[in-house]
Amino acid sequence: MQGQAQQQAYDRGITIFSPDGRLYQVEYAREAVKRGTASIGVRTPEGVVLAADKRSRSPLMEPTSVEKIHKADDHIGIASAGHVADARQLIDFARRQSQVNRLRYGEPIGIETLTKEVTDHIQQYTQVGGARPFGVALLIGGVENGTPRLYETDPSGTPYEWKAVSIGADRGDHQEHLEENFRDDLSLDEGIELALEAIASTSDEGTAPDGVDVATVSAEFERFVELSNDEIESYLEANDLLATEDDEQTEE
Amino acid sequence: MQGQAQQQAYDRGITIFSPDGRLYQVEYAREAVKRGTASIGVRTPEGVVLAADKRSRSPLMEPTSVEKIHKADDHIGIASAGHVADARQLIDFARRQSQVNRLRYGEPIGIETLTKEVTDHIQQYTQVGGARPFGVALLIGGVENGTPRLYETDPSGTPYEWKAVSIGADRGDHQEHLEENFRDDLSLDEGIELALEAIASTSDEGTAPDGVDVATVSAEFERFVELSNDEIESYLEANDLLATEDDEQTEE
Amino acid sequence: MQGQAQQQAYDRGITIFSPDGRLYQVEYAREAVKRGTASIGVRTPEGVVLAADKRSRSPLMEPTSVEKIHKADDHIGIASAGHVADARQLIDFARRQSQVNRLRYGEPIGIETLTKEVTDHIQQYTQVGGARPFGVALLIGGVENGTPRLYETDPSGTPYEWKAVSIGADRGDHQEHLEENFRDDLSLDEGIELALEAIASTSDEGTAPDGVDVATVSAEFERFVELSNDEIESYLEANDLLATEDDEQTEE
Amino acid sequence: MQGQAQQQAYDRGITIFSPDGRLYQVEYAREAVKRGTASIGVRTPEGVVLAADKRSRSPLMEPTSVEKIHKADDHIGIASAGHVADARQLIDFARRQSQVNRLRYGEPIGIETLTKEVTDHIQQYTQVGGARPFGVALLIGGVENGTPRLYETDPSGTPYEWKAVSIGADRGDHQEHLEENFRDDLSLDEGIELALEAIASTSDEGTAPDGVDVATVSAEFERFVELSNDEIESYLEANDLLATEDDEQTEE
Amino acid sequence: MQGQAQQQAYDRGITIFSPDGRLYQVEYAREAVKRGTASIGVRTPEGVVLAADKRSRSPLMEPTSVEKIHKADDHIGIASAGHVADARQLIDFARRQSQVNRLRYGEPIGIETLTKEVTDHIQQYTQVGGARPFGVALLIGGVENGTPRLYETDPSGTPYEWKAVSIGADRGDHQEHLEENFRDDLSLDEGIELALEAIASTSDEGTAPDGVDVATVSAEFERFVELSNDEIESYLEANDLLATEDDEQTEE
Amino acid sequence: MQGQAQQQAYDRGITIFSPDGRLYQVEYAREAVKRGTASIGVRTPEGVVLAADKRSRSPLMEPTSVEKIHKADDHIGIASAGHVADARQLIDFARRQSQVNRLRYGEPIGIETLTKEVTDHIQQYTQVGGARPFGVALLIGGVENGTPRLYETDPSGTPYEWKAVSIGADRGDHQEHLEENFRDDLSLDEGIELALEAIASTSDEGTAPDGVDVATVSAEFERFVELSNDEIESYLEANDLLATEDDEQTEE
Amino acid sequence: MQGQAQQQAYDRGITIFSPDGRLYQVEYAREAVKRGTASIGVRTPEGVVLAADKRSRSPLMEPTSVEKIHKADDHIGIASAGHVADARQLIDFARRQSQVNRLRYGEPIGIETLTKEVTDHIQQYTQVGGARPFGVALLIGGVENGTPRLYETDPSGTPYEWKAVSIGADRGDHQEHLEENFRDDLSLDEGIELALEAIASTSDEGTAPDGVDVATVSAEFERFVELSNDEIESYLEANDLLATEDDEQTEE
């Protein structure tokens with residue numbers, strides 16, 4: 001009780017540290033990330049894979065309406081987990097930064113450069129008063145001069161580079177699955193399969209083709225490509241992950 | 001009690017997350033939506049239907065005065081549920097965005113584009129301090145290049161695309177009715193009937209023609225059209241939904 | 001007690017919703033409206049009637065000093081109830097909007113248009129921080145292209161159109177009187193009588209000519225006209241509503 | 001106790017209403033008015049009289065230093081009661097408005113016009129945050145096209161027109177005296193006497209000539225004139241109100 | 001206790017009135033004035049005298065370092081009591097206003113004019129949020145067209161004109177001494193003596209020449225002149241007020 | 001308990017001092033520094049060494065992703081400890097200041113000059129409201145006119161110059177190790193070894209080459225150089241500090 | 001306890017006075033000054049001496065890194081005590097003011113002029129909201145037209161002129177030592193000795209040459225000169241104040 005009372009004393013504003021040097025509002029924003037369905041990124045020598053769990057909450061909702069993977073530029077995709085409306089703000093920000101880069105320098109923006117512009121933007125919302133942190137994590141994946149790159153941004157505004165990573169619900173289980181099964185020499189196809197397996201690993205009923213989004217940026221073409229439902233179904237079927245019937249689950 | 005006390009600690013400002021990553025003010029704004037009478041949208045291959053429950057509170061009030069469905073542009077209608085004055089702000093915003101699009105690009109704004117401009121606007125009121133969230137949900141329906149589209153915006157600023165959806169009071173019952181009766185191959189007429197039935201499903205006394213607004217945007221003409229009281233009466237009569245007498249109910 | 005304590009937690013600022021989706025400050029502003037003496041509007045095919053109870057608080061105060069009915073434009077009158085100084089702000093706003101309309105478009109402003117500009121203005125004070133809502137309700141009555149219109153604005157910024165309506169103290173009783181006696185085919189004279197009867201219905205001692213203001217905008221001339229004390233006295237006498245002596249009552 | 005605790009919950013800021021629709025800060029500012037010595041205005045057909053109780057607090061203080069009546073323009077005087085420094089702000093505001101009117105329209109400002117510009121200014125301080133209300137009431141008296149006018153402004157920003165009125169300490173007793181003795185056909189001299197009698201009515205020891213300020217604006221000359229100490233002494237003597245010796249009383 | 005608790009509820013901000021119409025922060029600022037050593041002003045037909053108690057707190061501190069009397073313009077001196085750093089702000093403000101007057105109108109500023117510009121400045125800090133009141137009182141003395149004038153400003157922003165006045169510590173005793181000994185026909189020399197006597201009246205050990213500042217503005221020359229230590233010593237000696245040895249006292 | 005309650009009274013805002021003259025928010029920001037893994041700087045006559053403990057938290061995270069040492073300019077490196085996103089802000093600031101210096105003066109910025117521009121920037125966040133302090137400490141090392149310099153910045157904005165210093169976790173133990181083993185005549189190689197030994201001194205399992213970053217700015221070339229993994233491995237091996245297997249440890 | 005509770009009610013903001021007219025935040029800032037090691041100033045006819053205790057906290061910290069005495073202009077030095085980062089802000093401010101004076105008037109700034117510009121700057125931080133006071137005191141010493149001057153600034157923004165003065169830790173003891181030993185006819189050498197003796201008077205182990213900074217501005221050359229370690233050692237040795245070994249002490 002007392003520990004709790006003490007914690008409550010320092011978690012009301014983003015502009016104060018707790019006595020042990022923590023920013024509670026940033027930590028609570030991380031909880032908002034965990035409340036969202038998972039997104040997973042896998043980096044292979046052949047390209048980057050982004051996959052997102054988008055189990056829709058209602059049979060009448062358009063599956064495409066739950067957007068979890070977005071194209072930021074021709075060569076960059078972004079997957080999100082957490083507060084959906086916040087994600088849209090950051091993705092718009094990323095798109096504008098990409099366009100500005102093309103206009104100013106006449107060339108596509110680097111993946112790391114874009115990530116750090118996004119995290120700097122996020123950090124501002126953790127230090128300056130009058131606003132709350134972004135309650136969302138992003139996976140920024142793309143290819144830069146032929147090299148696949150995969151970054152994570154978190155609500156504190158810290159950038160991380162990953163070989164394979166999960167954000168959102170069940171991160172612990174997904175990450176464990178990735179650590180056990182990731183190999184540096186995965187093909188792009190194997191990367192897609194690994195991502196889908198990780199998502200399926202925390203679902204008892206399997207995955208429906210319209211319950212997941214998958215996109216890739218291949219090292220060869222450096223183009224963001226979203227897989228069709230049919231393509232996703234093939235992968236799910238081939239890996240025995242296909243849901244036997246279109247089961248619906250509720251996401252808050 | 002303690003849970004409540006704890007909740008109260010985090011629901012006073014829009015700029016803070018609760019320890020479990022929730023934005024209470026946004027959730028309370030959703031309650032304001034539930035306090036408003038229902039609006040229902042149905043998307044058919046022949047066009048989009050918007051219907052709104054507008055039972056007036058007094059016999060001397062002009063029924064047309066309770067505006068729940070608005071024309072946003074020639075090809076787009078918006079229905080609302082929740083805080084009426086807030087709805088007016090968002091609808092004005094949507095109209096301005098539509099006009100700007102016509103001026104800037106010389107063509108009608110896309111339904112998804114408009115929806116996202118509105119939700120971005122809503123999101124700002126959930127992250128930056130000094131204002132409260134909008135206590136209103138909208139249904140944005142229209143036809144874009146011959147294709148009917150139907151979107152919902154909620155107080156968090158998240159856009160959803162739907163085949164058929166209800167907002168406001170009795171959402172649970174209405175949505176259940178829609179899920180049980182919606183078919184992908186509904187005609188526009190059948191869409192109107194489905195919407196009216198859904199509204200009537202939660203009313204014991206039937207529906208009066210001036211107790212409901214109905215509007216459509218047909219795929220053929222791409223024009224927002226409001227049904228006259230006579231037209232509505234025909235639909236209600238044909239479907240045995242007509243109130244036996246003009247019963248009045250109170251909406252807060 | 002607990003309910004009260006809980007309510008108090010959410011009623012201190014205009015920028016927060018209560019857990020049940022209410023804006024307490026707006027509801028309290030509605031109480032300020034109820035603290036003011038009544039104003040009544042009646043719409044007839046021949047024109048709009050505005051009447052206001054203005055029982056003065058002191059025999060030395062000029063009766064004309066208690067302004068409850070104002071001319072907004074040649075063809076529009078506004079009656080108020082509630083916080084007097086707030087009413088003056090809104091009426092000045094309405095006048096400026098009317099003038100701007102004439103300058104910009106060369107024609108008189110529409111009654112609905114003016115009402116909505118006023119309610120949009122009011123709504124701002126319920127959503128953005130740093131100010132309180134307006135503690136006043138208005139009746140905006142006028143004639144537009146030969147058609148009489150009568151609108152109410154409330155502290156939330158919602159516009160309502162009415163056939164006949166009362167704002168301020170004793171709204172319940174007045175509205176009941178109107179509902180029982182209003183007919184769609186009232187003459188303008190009968191409208192004046194109905195309004196005066198409604199005001200008198202909650203007063204035991206009858207009404208003094210300088211204890212009430214009456215104004216009309218006739219459909220024929222589309223001009224705001226205030227009745228003289230003599231004219232009002234005639235109506236009161238003819239309807240047996242005249243106070244036997246100049247009784248004074250106190251308005252807070 | 002509980003009533004008090006509840007009141008205290010709503011009286012800390014000018015931007016919130018109490019549950020019963022009151023603005024406590026404005027009501028407290030009215031208390032500040034009551035803490036000041038009285039000012040009295042009397043309107044006669046021959047002109048307006050302003051009189052102010054200015055019993056000085058110390059024999060070494062210059063009596064002229066306690067300014068309670070000010071010239072706002074050639075034809076307008078203003079008397080005040082309440083927070084002295086606040087009064088000075090409003091009187092400066094009134095003077096600037098008067099000058100602007102002469103510059104802009106080439107004619108003296110109307111008494112009602114000036115009063116309403118002042119009350120609009122006062123109202124702003126009751127609705128917008130970041131400042132407190134003005135703790136002062138004013139009597140604005142003058143002659144407009146030959147007609148004497150007398151207005152009161154209160155801390156809420158409401159204007160009232162009066163035949164005769166008192167503001168500040170002992171308002172109840174003074175107003176009662178005025179109501180009993182005011183006649184519509186008073187001469188200007190009789191108006192001065194009535195005002196002095198009213199002030200003296202709440203003082204046991206009579207009034208010293210330098211313990212009161214008197215000024216008039218006559219209908220004939222439309223000029224603000226302050227009475228000399230000798231003139232005041234004559235009036236006091238003639239009406240048997242003169243203090244037997246220069247008694248000093250303390251004003252907070 | 002309860003009275004105290006209630007007081008505490010209203011004294012935290014300058015922008016709120018207490019239920020009895022008081023501005024506690026302004027009253028507390030008056031306490032800051034009382035914490036400072038005294039300054040005394042005496043107005044004689046031959047000119048104005050300003051005298052200030054400046055007993056230094058340490059033998060190594062330069063007596064001239066404790067500035068209590070300042071030249072505002074050639075013909076105006078200002079003495080202060082209270083928060084020293086606040087006094088410096090107001091005196092700088094007064095000097096700028098004096099210079100502006102000379103530049104704009106080509107003549108020296110009037111004593112009353114300057115006083116009111118200073119008090120208007122002070123009042124702002126009592127009504128608008130975001131700052132505290134000035135914790136200082138000033139005596140503004142000078143000669144205008146041959147006439148000596150002496151004004152006091154207090155933390156509320158009220159100007160007072162005096163024949164003789166004391167501000168700061170021991171105001172009660174000093175003022176009593178002045179009232180008993182002031183005569184309208186004092187010579188300037190007698191005015192200096194009266195001021196020094198008043199200061200000495202509350203000190204048991206007499207006054208050291210460098211423990212007091214004295215300045216005059218004579219009606220004849222209209223020039224601010226500070227007395228030298230020798231001159232002050234003469235006055236002290238002649239009036240038997242000289243301290244027998246340089247005793248030091250501590251001022252907070 | 002009481003001491004704690006008292007402390008809590010003063011640690012909520014950066015703009016207030018505690019009664020004993022402390023700035024608690026700055027002290028809490030120092031705790032955020034201690035939560036980060038260590039960085040160590042060693043200054044030798046041959047150049048400056050920066051070393052950072054960057055044990056990664058997951059086997060799939062790119063070790064290079066945990067950036068603890070950054071190049072600020074050709075001749076300056078910066079190592080950090082604490083809140084990563086805050087560090088990025090300061091390092092960006094330092095880079096901009098370095099570039100501005102080159103543009104404005106045509107020469108590389110001095111190490112002390114840069115440090116003080118950074119600390120001035122940090123100080124602002126401890127005095128002006130609306131933001132929190134930076135939760136990070138920096139080591140700024142470089143060579144200026146052939147002379148190696150090593151500075152520390154802390155969250156209060158104070159600059160310190162060091163011969164050898166540790167920031168972040170285990171500062172006490174590291175600093176002790178440095179004090180016992182530092183010699184003024186260390187070679188650059190010996191400086192690297194000392195830094196690595198210090199880091200290893202608080203780790204039981206030894207250090208992996210990709211668990212540490214090392215960079216130098218040599219006095220000879222005045223260029224920031226990062227050591228390769230192979231180079232680091234050589235140093236670790238030569239000093240018997242190499243981890244027997246790639247053990248992973250979790251950082252906050 | 002109650003006194004304490006009451007004090008706590010008024011010490012949270014710089015913008016409020018306590019009921020007894022005190023500014024607690026300014027008083028707490030004075031505590032921050034006392035937490036810093038001492039600085040001492042001595043004014044002799046031959047020039048001004050500034051000396052500062054800078055016992056370093058760690059053997060690896062560069063003694064020169066603890067800056068307590070700074071050159072503000074050719075003829076002015078400033079010593080500080082208290083919050084180091086705050087001191088740097090004020091010293092930068094003083095340097096800019098000095099440069100501006102040279103640019104604007106073509107001559108060196110006066111010592112008193114500079115002091116008052118600094119104290120005016122400090123005062124602003126005690127009256128206007130949104131920032132905290134400066135937690136530092138300064139000694140500003142220099143020579144103006146051949147005359148040595150020595151000023152102190154405190155956190156309230158009050159300037160004091162001294163013959164000899166101590167700020168920071170042990171002010172009481174140091175000041176007592178100065179009062180007992182200061183003579184008006186000290187030579188500059190004797191002034192240095194007096195300052196060093198005062199510092200040593202509160203240290204049991206003597207003073208190390210790099211544990212103290214000494215600077216002078218001589219009346220003859222009007223140039224700020226810092227003494228070398230060798231020179232300081234000579235003074236310490238000659239006065240038997242030299243520490244027997246380099247003992248280190250910890251400063252907060």
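Protein chains get the first letters and strands the later ones, always in sequence-line order, with residue 1 at the start of each.
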Peer 1: Would you say A:Gln124 and F:Gln89 make side-chain contact, with heavy atoms under 4.5 Å?
Peer 2: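 Of all side-chain heavy-atom pairs linking F:Gln89 with A:Gln124, at least one is under 4.5 Å.
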
Peer 1: Does any non-hydrogen side-chain atom of A:Val165 lie less than 4.5 Å from one of F:Met61?
Peer 2: no

Peer 1: Show, in sequence, the C-alpha distance, side-chain angles and deciding distance for F:Glu62 and A:Arg149, and conclude whether the salt bridge (Lys or Arg N to Asp or Glu O under 4.0 Å) test is met.
Peer 2: CA-CA 10 Å; F:Glu62 280 290 339; A:Arg149 310 290 294 269; over 6 Å; no

Peer 1: Does F:Arg88 reach the side chain of A:Lys116, with side-chain heavy atoms less than 4.5 Å apart?
Peer 2: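 A side-chain contact under 4.5 Å exists here.
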
Peer 1: Out of curiosity, A:Leu23 CG to F:Asp86 CG, how far, rounded to the nearest 0.5 Å?
Peer 2: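 One finds 7.0 Å between CG of A:Leu23 and CG of F:Asp86.
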
Peer 1: Under the 3.5 angstrom rule, does the side chain of F:Arg30 hit a backbone N or O of A:Gly21 as a donor-acceptor pair?
Peer 2: no

Peer 1: Distance from F:Ser58 atom OG to A:Trp162 atom CH2, nearest 0.5 Å?
Peer 2: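 Here the rounded value is 4.0 Å.
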
Peer 1: With a 3.5 Å distance limit and no angle check, can you tell me whether F:Gln25 reaches the backbone of A:Phe17 through a side-chain donor-acceptor pair?
Peer 2: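 Yes, the answer is positive, given that a donor and an acceptor are paired below the 3.5 Å cut-off.
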
Peer 1: I want to check something: taking the side chain as every heavy atom from C-beta on, are F:Glu31 and A:Pro19 in contact at a cut-off of under 4.5 Å?
Peer 2: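 Sidechains of A:Pro19 and F:Glu31: no contact.
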
Peer 1: If every non-hydrogen atom of A:Ser156 is compared with every non-hydrogen atom of F:Ala85, which pair is closest and at what distance?
Peer 2: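 Nearest heavy atoms, A:Ser156 then F:Ala85: O-CB, 3.1 Å.
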
Peer 1: Could you tell me if the side chain of F:Tyr28 sits less than 4.5 Å from the side chain of A:Arg22, heavy atoms only?
Peer 2: no

Peer 1: Using 0.5 Å steps for rounding, measure from the OG1 atom of F:Thr64 to the CD atom of A:Glu112.
Peer 2: 8.0 Å

Peer 1: Run the side chain to side chain contact (heavy atoms under 4.5 Å, CB included) check on F:Arg132 and A:Val128 step by step: do they pass?
Peer 2: CA-CA 7 Å; F:Arg132 59 169 174 80; A:Val128 182; over 6 Å; no

Peer 1: Go through the atoms of A:Leu150 and report whether side chain, backbone, both or neither lie under 4.5 Å from a heavy atom of chain F.
Peer 2: neither

Peer 1: Begin with the C-alpha distance, continue with both residues' side-chain angles, and end with the deciding distance and a verdict on side chain to side chain contact (heavy atoms under 4.5 Å, CB included) for F:Val66 and A:Glu161.
Peer 2: CA-CA 8 Å; F:Val66 183; A:Glu161 187 169 12; over 6 Å; no

